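First the structure, in the form of structure tokens, and then the observations on it.
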Amino acid sequence: MTLAGTATLPQRAPYPAPLRLAGGRTRRPAETAGERLRLVLLWLIAFTSGFVQVEPAPYELITLVAIVIYMLTGLTLRATLLPLVALLLVQNLGYIASLMPVIEQPRTFIWTAVTCFLSVTTLFFAMVLSQNTERRLDILIRGYIGAALVTSAIAVLAFFRVLPNSDQFLLYARASSTFKDPNVFGPFLVLPALVLIQRLLAGRTLRTTLASAGMILVIAAGLLLTFSRGAWGHFTVSAAVMLGLTYVTTRSASDRFRITLLSTVGVLVLAGFVVVLLSFDIVGEMFKVRANLVQDYDAGEQGRFGRHIAGLLMVFELPWGVGPLQFSKEFHYEPHNSFLSAFMNGGWLAGTTWVALTVVTLVVGLKHAFVRTPWQPTFIAAYAAFVGEVGESYIIDVAHWRHYFLIMGIVWGLMAAGRPAPSRAPPQP
């Protein structure tokens, strides 16, 4: 692993308009055997991120192998990633410090180890994508979309009892597919759905448009059948952010018209598709139950929002928090709020750095969304997905969501790769 500044940026080709790239192909230079191996591992990581019913999952093993191989064969830490390193380091020091008093309690050490590992994956993805960016990003997204399609198909088939042992892929009559919880499965589907929407907007052929539309409908069905209010809101917010940023960053008036037209048509088609699904009694009845804004477990002093208030008052009295997994001993449930969870599990160190990392990623990412790069459409999709994840993290704890750290790594990696190098010579007249 080497440390590099921003002045040695290899991908400083002319940056096209965002919509021109998303559905097209570019000629690639020949790849070495080592790079092909690295690309295969990257695809496997993304694909296996959708299969986490058991732990440790294949994702953890493949990611560990990939980290070792990338470090042995070439991995560069760019100077632009040093803020990410510093924030993650301080955050994990907070978790470790708060672990010490409760290390003998069940599962506390494992929880902390998993937390530290996932933060390492964010840095790993960021470093990987800062080199050979366009090719590696394409492979990573392909694997992610493949996982989303397979898991969505499983969710739909299991929900309608077509698969053998369908109950294995359901939780409380909601589709969880190959995840333990439908509230994690639903958000997992958001980024691939956004990328496919970008491809649909950029589609220059009927085949590309129809293929993207078909895949979006499969993922939309899986998303709906999770009956996760957070995931529905997450997708809605992220899609709106993505479409808005795509519109304002597109210079062509014809492309802006295309975005407006296809977005309108897409919303109508998606709404019609949802109506068709709701016409099935099994779907409609569950939708009526889950569509209520506040469920029984949200209200009251021991409810989700009651715990938020009580926990917030505790933050100021506990600089070291209560330690990993200790909050539920007093309130029967964990905080269901990532910001509060960071303060409770890791004290002021982990809590403040969690907030700082979130704010820095949002602010710097928004600025970078306007930078012309070949991967600008995918960056905008990843950034929009991260915005939705942050919003959802207020009502659920995302601290152990693999795809949360993957998306954050994508955002930071593309920012590092797309940052222009400082000029070494004055401009020519």
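Only heavy atoms go into these numbers, but all of them, side chains included; no hydrogens, no water, no symmetry mates. Just so we're clear, the structure is a prediction, and the values are computed from it rather than from any experiment. One-based numbering along the sequence shown.
By the 4.5 Å heavy-atom criterion applied to side chains, Trp348 and Val315 are counted as neighbours. Looking at heavy atoms from C-beta onward, Thr63 lies in side-chain contact with Phe117 at the 4.5 angstrom threshold. No side-chain heavy atom of Met408 sits less than 4.5 Å from a side-chain heavy atom of Thr358.
Between the CG atom of Leu149 and the CG atom of Leu196 there is a distance of 7.0 Å, given to the nearest 0.5 Å. Note that OG1 of Thr122 is 11.5 Å distant from CG of Leu87, once rounded to the nearest 0.5 Å. Expressed to the nearest 0.5 Å, how far CG of Leu137 lies from CZ of Arg142 amounts to 11.0 Å. The line from CG of Leu223 to OG of Ser228 is 8.0 Å long, rounded to the nearest 0.5 Å. Rounding to the nearest 0.5 Å places CH2 of Trp43 at 14.5 Å from OH of Tyr144. The distance from the CG atom of Leu81 to the CH2 atom of Trp412 is 7.5 Å, given to the nearest 0.5 Å.
Between the side chains of Gln131 and Thr76, at least one donor N or O lies within less than 3.5 Å of an accepting N or O. Between Arg174 and Asn183, the side chains place a donor N or O and an acceptor N or O closer than 3.5 Å (distance only, hydrogens not considered). Defined by atom type and a distance below 3.5 Å, a donor-acceptor pair is present between the side-chain atoms of Ser341 and Asp397. One side chain, Thr73 or Arg38, offers a donor N or O that lies under 3.5 Å from an acceptor on the other.
Judged by distance alone, with hydrogens and angles left aside, the side-chain atoms of Thr246 form no donor-acceptor pair with the main-chain N or O of Leu243 at under 3.5 Å. A donor-acceptor pair under 3.5 Å links the side-chain atoms of Gln53 to the main chain of Gln168, judged by distance alone.
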- Message: Show, in sequence, the C-alpha distance, side-chain angles and deciding distance for Tyr383 and Leu414, and conclude whether the side chain to side chain contact (heavy atoms under 4.5 Å, CB included) test is met.
- Response: CA-CA 10 Å; Tyr383 176 78; Leu414 298 188; over 6 Å; no

- Task: May I have the step-by-step check of salt bridge (charged side-chain N to carboxylate O under 4.0 Å, His left out) for Glu35 and Arg135, ending in yes or no?
- Result: CA-CA 10 Å; Glu35 181 63 9; Arg135 179 64 170 146; over 6 Å; no

- Item | Full working for side chain to side chain contact (heavy atoms under 4.5 Å, CB included) between Gln326 and Thr108 | CA-CA 9 Å; Gln326 303 306 300; Thr108 55; 3.6 Å; yes

- Apply side chain to side chain donor-acceptor pair (under 3.5 Å) to the pair Ser176 and Asp181, showing each step before the final yes or no. CA-CA 5 Å; Ser176 57; Asp181 190 337; over 6 Å; no

- Item | Stepwise side chain to side chain contact (heavy atoms under 4.5 Å, CB included) check, Val363 with Val359 | CA-CA 6 Å; Val363 172; Val359 172; 4.1 Å; yes

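The environment of CG in Asp167 is crowded: more than 12 heavy-atom neighbours from other residues, nucleotides or ligands sit within 6.0 Å. More than 12 heavy atoms of other residues, nucleotides or ligands sit less than 6.0 Å from atom CH2 of Trp232. Heavy atoms of other residues, nucleotides or ligands lying less than 6.0 angstrom from CZ of Phe370 number more than 12.
Proximity of the aromatic rings of Tyr70 and Phe124 is defined here by a centroid distance below 6.0 angstrom, and this criterion is met. Remark: aromatic rings of Trp401 and Phe405 are distant, center separation not under 6.0 Å. Taking the six-membered ring wherever Trp is involved, the centroid distance between the rings of Tyr404 and Phe386 falls below 6.0 Å. For Phe179 and Phe188, the ring centers sit closer than 6.0 Å to each other.
Because its NZ or CZ atom is not both nearer than 6.0 Å to the ring centre of Phe227 and within 45° of the ring axis, Arg290 does not count as a cation-pi partner of that residue.
Legend: residues meeting salt bridge (Lys or Arg N to Asp or Glu O under 4.0 Å) with Asp281, ordered by chain and number and at least two apart, are absent.
Among pairs with a residue in residues 110-125, none fulfils salt bridge (Lys or Arg N to Asp or Glu O under 4.0 Å), at least two apart in sequence or across chains.
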